[in-house]
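Below: the structure, in structure tokens.
Residue numbers start at 1 and run along the sequence shown. The analysis underlying the following values was restricted to heavy atoms, covering all of them including side chains, and did not include hydrogens, waters or symmetry mates. Every number for a ligand or one of its atoms is a count from 1 in the order of the listing.
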Amino acid sequence: MNVQFDRIALIGIGLIGSSLAHDIRRLGLAREIVVATRSPETLKRAEELGLGDRYTTSSADAVEGADLVIVSVPVGASESVAKEIAASLKPGAIVTDVGSTKASVIAQMQPHIPAGVHFIPGHPLAGTEKSGPDAGFPGLFESRWCIFTPVAGTDETALKRLRGFWETLGSKVDEMDAQHHDKVLAIVSHLPHLIAYNIVGTADDLETVTESEVIKYSASGFRDFTRLAASDPTMWRDVCLHNRDAILEMLARFSEDLAYLQRAIRWGEGDKIFELFTRTRAIRRSIVQAGQDVDAPDFGRPHPLEKK
Ligand code: NAP
């Protein structure tokens, strides 16, 4: 047991909330875990999975007496949650979130957080394409980054405590300002998801290629995009709407670069194409070297005749 907080309230118990619950329990980080989610169906499932010690559909009830409150809901719901919990927060409590966009979450939540409560926005860079309480698992945050975007005047002791919490989950913690976070994430996460949603949508709309052919021959590359394109529509709608400026900027850059590639193909400029593909291959090697992926071919998928 390594109790860090007497009571932790988890507001939202989908992929991220339930993964937190597994780890808090496994590592003995709280004496009590209170789980809150808005729908009775999700709450019932969380209870069946034994994710908490107490369960409620009232976020306000859940945060009463909690030392740490972790909000894990779609970013567009941040303000309504902040409004609901504000009056029930315990003085000295830490309130954090896990939202994929940060400037918007701060704008939505900060005005409602009472003085004496420490609000520290956060974003674990860990996840899968699954959602809901069944999707969570212990160890999701192991060796992954968690980015804090502290607001001016953040209490150092509270920051250190929250950092310690994420580090116990195996995460590496970084700090940056919210605008910078939103730009970085627009390129490393939001744009790739948009490209995936778009390419899968394009394939689905093609009239000269049947849907059965798209599925049948998908291992040629298409299926690698479908993992991202299967991500939760609510979460990603909210990310698009709440990181609008940075996403539009990255989309503009992307469109320009795509036009460059299109032109090189049209004019048979093999050198340009080869130079780009060589540069991008090196990026994959850097990601493996940084421990952010394994070096197994084809993302480690098992192949029938491969030696174990
Ligand atoms: P999820 O599995 O879809 O779970 C969402 C949770 O939020 C559920 O408990 C759901 O409650 C609740 N919720 C949904 N809409 C709500 C609303 N309007 N008001 C209040 N509660 C609402 O989502 P998730 O993947 O855990 O994502 C949660 C947050 O983590 C998001 O902000 C996302 O940007 C961020 N994040 C996600 C990933 C990822 O890979 N998925 C990675 C890092 C960060 P009910 O089921 O009861 O409706």
**Request:** Within a distance under 4.0 Å of any heavy atom of Val75, pick out the atoms of ligand 1 and give their elements.
**Result:** 32 (O)
**Message:** Check contact between Ser80 and ligand 1, using heavy atoms of the residue and a distance below 4.0 angstrom.
**Reply:** no
**Prompt:** Of all the non-hydrogen atoms in the protein, which one sits nearest to atom 4 (O) of ligand 1, and at what distance?
**Reply:** Gly14 CA, 3.2 Å
**Message:** If we check side chain to side chain contact (heavy atoms under 4.5 Å, CB included) with His123, which of these qualifies: Leu185, Thr149, Val98?
**Reply:** Leu185
**Item:** Heavy-atom proximity to atom 31 (C) of ligand 1, best of Val73, Asp238, Val98, Ile16
**Value:** Val73
**Request:** Give yes if a backbone or side-chain nitrogen or oxygen of Thr37 is under 3.5 Å from a nitrogen or oxygen of ligand 1, and no if not.
**Result:** yes
**Asked** Hey, is CZ on Arg253 packed in by over 12 heavy atoms from elsewhere, all under 6.0 Å?
**Response** no
**Asked** Would you say ligand 1 has an N or O under 3.5 Å from any N or O of Gly12?
**Response** no
**Message:** I'd like to check whether His123 has a polar contact with ligand 1, where a contact means an N/O of the residue lying under 3.5 Å from an N/O of the ligand.
**Reply:** no
Give the table of side-chain donor-acceptor pairs shorter than 3.5 Å for residues 106-118, with sequence neighbours excluded, one pair per line with atom names and distance.
{"unit_1": "Gln108", "atom_1": "OE1", "unit_2": "Glu79", "atom_2": "N", "d": "3.1"}
{"unit_1": "Gln108", "atom_1": "NE2", "unit_2": "Val75", "atom_2": "O", "d": "3.1"}
{"unit_1": "Gln108", "atom_1": "NE2", "unit_2": "Ser104", "atom_2": "O", "d": "3.4"}
{"unit_1": "Gln108", "atom_1": "NE2", "unit_2": "Ser104", "atom_2": "OG", "d": "2.9"}
{"unit_1": "His112", "atom_1": "NE2", "unit_2": "Glu79", "atom_2": "OE2", "d": "3.1"}

**Item:** Any donor-acceptor pair under 3.5 Å from Arg7 side chain to Ala30 backbone
**Value:** no
**Request:** Give the numbers and elements of all ligand 1 atoms closer than 4.0 Å to a heavy atom of Thr128.
**Result:** 40 (O), 41 (N)
**Request:** Decide whether an N or O pair under 3.5 Å exists between Ser131 and ligand 1.
**Result:** no
**Asked** Below 4.0 Å from any atom of ligand 1, is there a heavy atom belonging to Ala126?
**Response** yes
**Prompt:** Can we say Arg284 and Asp293 salt-bridge, meaning some charged N sits less than 4.0 Å from an Asp/Glu carboxylate O?
**Reply:** yes
**Fill in**
Separation between CG (Asp155) and CD1 (Ile94), nearest 0.5 Å, reads 8.0 Å
**Asked** Counting N and O atoms only, with roles assigned by atom type, does the side chain of Asp232 sit under 3.5 Å from a partner on the main chain of Glu129, one being a donor and the other an acceptor?
**Response** no
**Request:** Identify the heavy atoms of Ile13 and Leu10 that sit nearest to each other, and give their distance.
**Result:** CD1-CD1, 4.1 Å
**Message:** Regarding atom 25 (O) of ligand 1: of the candidates Val105, Leu15, Leu125, which has the closest heavy atom?
**Reply:** Leu15
**Request:** Output yes when the distance from some N or O of ligand 1 to some N or O of Gly132 is under 3.5 Å, and no in every other case.
**Result:** yes
**Message:** Would Thr210 and Ser212 count as a side-chain hydrogen bond (donor to acceptor under 3.5 Å, both in side chains) here? Give the steps.
**Reply:** CA-CA 5 Å; Thr210 65; Ser212 66; 3.2 Å; yes
**Message:** Using a 4.0 Å cut-off to any heavy atom of Gly99, which atoms of ligand 1 qualify?
**Reply:** 32 (O)
**Request:** Check each of Ala77, Gly17, Ser72 against atom 17 (C) of ligand 1 and report the one with the nearest heavy atom.
**Result:** Ala77
**Asked** Where's the contact between Ala135 and ligand 1, heavy-atom distance under 4.0 Å: side chain, backbone, both or neither?
**Response** neither
**Pairs involving residues 162-188, ordered by first then second residue, that meet salt bridge (charged side-chain N to carboxylate O under 4.0 Å, His left out) (sequence neighbours left out)** = Arg163-Glu167, Arg163-Glu175, Lys183-Glu249
**Complete:** Output for pair (Phe5 CZ, Leu162 CG), nearest 0.5 Å, gives 6.5 Å
**Request:** For atom 48 (O) of ligand 1, find the nearest protein heavy atom and state the residue, atom name and distance (0.1 Å precision).
**Result:** Arg38 NE, 2.7 Å
**Message:** Under 3.5 Å between any N/O of Ser100 and any N/O of ligand 1: does that happen in this structure?
**Reply:** yes
**Asked** Any idea how Phe141 and Trp166 line up, ring-wise: parallel (<30°), tilted (30 to 60°), or perpendicular (>60°)?
**Response** perpendicular
**Message:** Taking 4.0 angstrom as the limit and counting only heavy atoms of Pro124, give me the atoms of ligand 1 inside it, by number and element.
**Reply:** 43 (C)
**Asked** Which one holds for Met235 and ligand 1: side chain close, backbone close, both close, or neither close, with close meaning a heavy atom under 4.0 Å?
**Response** side chain
